[in-house]
Amino acid sequence: MKIEQRLEQLIKLLSDGEFHSGEALGQAMSVSRAAINQYIEKLDELGIDVFSVSGKGYRLATSIELLNAEDITATSRLPENMLNVSSIVGSTNDDLKQLSDTQQLPQGYAILAEAQTQGRGRRGKQWISPFGTNLYISLYWRLEEGLGRAMGLSLAVGLAIARVLREQLDIEHVAVKWPNDVYINDQKVAGILIDIDSLDDGSARCVIGIGINLTLPETAAQSIDQAWTDVNSHLALPLQRNQFAGRIHQYLVSTLEEYENAGFAQFASLWRQYDKFDNKPVRLLLGERKVDGLCRGVDETGALLVEVDGGVKRFFGGEISVRSADATSY
Ligand code: BTN
């Protein structure tokens with residue numbers, strides 16, 4: 001049996017958050033106690049906090065609600081063949097791309113994982129993906145009209161997540177940052193990475209990867225280099241992960257259907273309601289170039305509008321940040 005499968009077995013046994021002796025775990029898994037010690041060390045590498053108390057054994061810092069395809073589809077009400085739940089993967093985006101190379105997938109097909117060892121963020125950054133605590137999901141979508149139609153896609157996806165947080169979970173101060181980050185109280189809670197390529201028939205294959213922090217363990221969060229938060233810190237009762245995953249999946253599929261039918265224009269006014277930068281002084285970094293101006297939202301294609309020297313300019317890429325009043329920090 002591969003080590004990943006052993007670790008999955010062990011996590012399942014520990015997921016109830018109760019103490020389990022090394023001996024009992026060894027027996028349940030038909031391995032030695034020494035092997036259990038070795039696997040426990042590996043759990044640490046996956047960002048799972050395990051307490052060890054002599055005389056009592058091992059227990060997880062908190063119980064884990066493991067992902068389960070049946071429970072997710074019970075909420076999403078999408079067909080069962082639209083979902084694949086994995087345990088430990090490199091990156092759900094990479095897995096989904098590989099899968100779509102070898103078979104035809106239905107629109108909105110999703111891969112979810114408990115942990116990613118090579119989770120990818122934007123601009124080559126790593127996406128911290130500890131086991132069993134957050135949501136890592138990649139969705140397949142083929143845009144019939146091709147790359148030209150993809151411009152506002154990431155904005156629509158960011159808005160969908162923001163709306164689930166605001167409208168369904170009642171969380172306040174949820175905002176979107178152009179082109180596609182989701183914030184609560186000025187701290188990042190979710191990120192989106194879309195891998196797009198052109199297919200021979202002119203359509204575009206989109207692999208839409210989304211990471212949402214639900215409960216980010218402190219140890220895992222130490223390597224994040226920006227202000228962050230997680231959903232559960234803003235709720236009275238912790239989320240049920242499977243139910244939340246089902247809601248997100250369903251909401252994304254319906255948003256993507258709307259997007260495919262009528263483009264980004266229908267979301268433009270909604271963007272204004274959630275826009276973190278609307279009417280704020282901003283700085284846009286375009287490689288070496290800097291543009292300072294006033295953010296005027298987005299146009300009907302999803303391009304960023306910045307007022308510079310009395311005129312409004314459209315931008316299609318770059319990194320945006322707020323300029324403070326004295327324009328010295330960003
Ligand atoms: C960002 O940098 O803000 C984008 C983060 C995207 C992370 C998600 S998690 C699921 C999917 N798989 C990956 O490897 N990355 C995306």
Side-chain angles (χ1 to χ4, degrees), residues 46-47 67 72 82-101 105 108-141 150 153-162 164-165 174-184 186-197 205-217 220-221 223-231 241 244-249 251-253 256 274 276-277 285 304 317-321:
L46 286 172
L67 294 173
I72 297 173
M82 296 266 291
L83 187 68
N84 171 317
V85 174
S86 296
S87 185
I88 304 162
V89 302
S91 151
T92 51
N93 267 30
D94 295 344
D95 281 11
L96 185 53
K97 250 193 283 182
Q98 253 177 31
L99 193 67
S100 81
D101 281 342
L105 300 173
Y109 181 91
I111 292 187
L112 280 100
E114 294 284 10
Q116 300 184 113
T117 53
Q118 326 245 310
R120 290 191 285 116
R122 292 174 60 225
R123 297 186 306 286
K125 284 191 180 175
Q126 189 198 355
W127 187 257
I128 305 292
S129 312
F131 191 99
T133 54
N134 298 326
L135 206 67
Y136 318 114
I137 176 170
S138 295
L139 255 94
Y140 170 85
W141 202 269
L153 182 64
S154 68
L155 284 75
V157 171
L159 263 182
I161 295 161
V164 170
L165 299 181
V174 178
V176 285
K177 176 185 162 187
W178 187 86
N180 55 16
D181 289 340
V182 183
Y183 279 70
I184 302 176
D186 284 334
Q187 295 166 318
K188 182 161 164 173
V189 68
I192 298 157
L193 176 75
I194 306 188
D195 294 318
I196 306 186
D197 47 23
R205 172 179 69 169
C206 309
V207 170
I208 304 165
I210 300 159
I212 309 178
N213 300 333
L214 302 185
T215 302
L216 196 56
S223 37
I224 300 181
D225 62 357
Q226 58 183 316
W228 62 270
T229 188
D230 53 21
V231 176
R241 268 172 98 221
F244 182 68
R247 281 187 191 188
I248 289 284
H249 191 192
Y251 212 79
L252 284 169
V253 169
L256 290 165
Y274 281 93
K276 182 169 156 53
F277 292 121
L285 295 178
L304 180 73
E319 240 348 89
I320 187 174
S321 59

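Atoms within a ligand are numbered from 1 in the order they appear, just like the ligands themselves.
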Can you list the atoms of ligand 1 that are under 4.0 Å from a heavy atom of [X]?
| X | value |
| --- | --- |
| Ile137 | 10 (C) |
| Ser138 | 11 (C) |
| Gly211 | 7 (C), 8 (C), 9 (S) |
| Gly119 | 14 (O) |
| Asp181 | 3 (O) |

Among all protein non-hydrogen atoms, which one is nearest to [atom], and what is the separation to 0.1 Å?
| atom | result |
| --- | --- |
| atom 5 (C) of ligand 1 | Trp127 CE3, 3.3 Å |
| atom 3 (O) of ligand 1 | Lys188 NZ, 2.6 Å |
| atom 12 (N) of ligand 1 | Gln116 OE1, 2.9 Å |

Do the side chain of [X] and the main chain of [Y] share a donor and acceptor less than 3.5 angstrom apart?
| X | Y | result |
| --- | --- | --- |
| Glu114 | Leu67 | yes |
| Asp230 | Leu216 | yes |
| Thr133 | Thr215 | yes |

Would you say [X] has any N or O atom under 3.5 Å from an N or O of ligand 1, going by distance alone?
| X | value |
| --- | --- |
| Arg120 | yes |
| Arg122 | yes |
| Thr92 | yes |

message = For the residue pair Lys188 and Tyr183, would you count it as a cation-pi contact if the rule is NZ or CZ under 6.0 angstrom from the ring centre and within 45 degrees of the ring axis?
response =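 Not satisfied by the 6.0 Å and 45° rule.
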inquiry  = So for Lys125, does at least one of its heavy atoms come nearer than 4.0 angstrom to any atom of ligand 1?
reply    =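 So Lys125 does not count as touching ligand 1.
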query = Contact between Arg123 and ligand 1, counting heavy atoms under 4.0 Å?
reply =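 Outside the 4.0 Å threshold, so no.
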What part of [X], side chain from CB on, backbone N/CA/C/O, both or neither, has a heavy atom under 4.0 Å from ligand 1?
| X | result |
| --- | --- |
| Asn180 | neither |
| Ser129 | neither |
| Ile192 | backbone |

Taking 4.0 angstrom as the limit, do [X] and [Y] come out as a salt bridge?
| X | Y | value |
| --- | --- | --- |
| Asp186 | Lys177 | no |
| Asp197 | Lys97 | no |
| Asp195 | Arg205 | no |

message = Are the side chains of Ile194 and Val207 in contact, using a 4.5 Å heavy-atom criterion?
response =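 They are not in side-chain contact.
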inquiry  = Could you check whether Asn84 and Ser86, counting side-chain N and O atoms only, form a donor-acceptor pair closer than 3.5 Å?
reply    =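 Looking only at side-chain atoms, Asn84 and Ser86 do form a donor-acceptor pair, the distance falling under 3.5 Å.
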Ser138 vs Asn93, side chain to side chain donor-acceptor pair (under 3.5 Å): CA-CA, chis, key distance, verdict = CA-CA 6 Å; Ser138 295; Asn93 267 30; 2.5 Å; yes
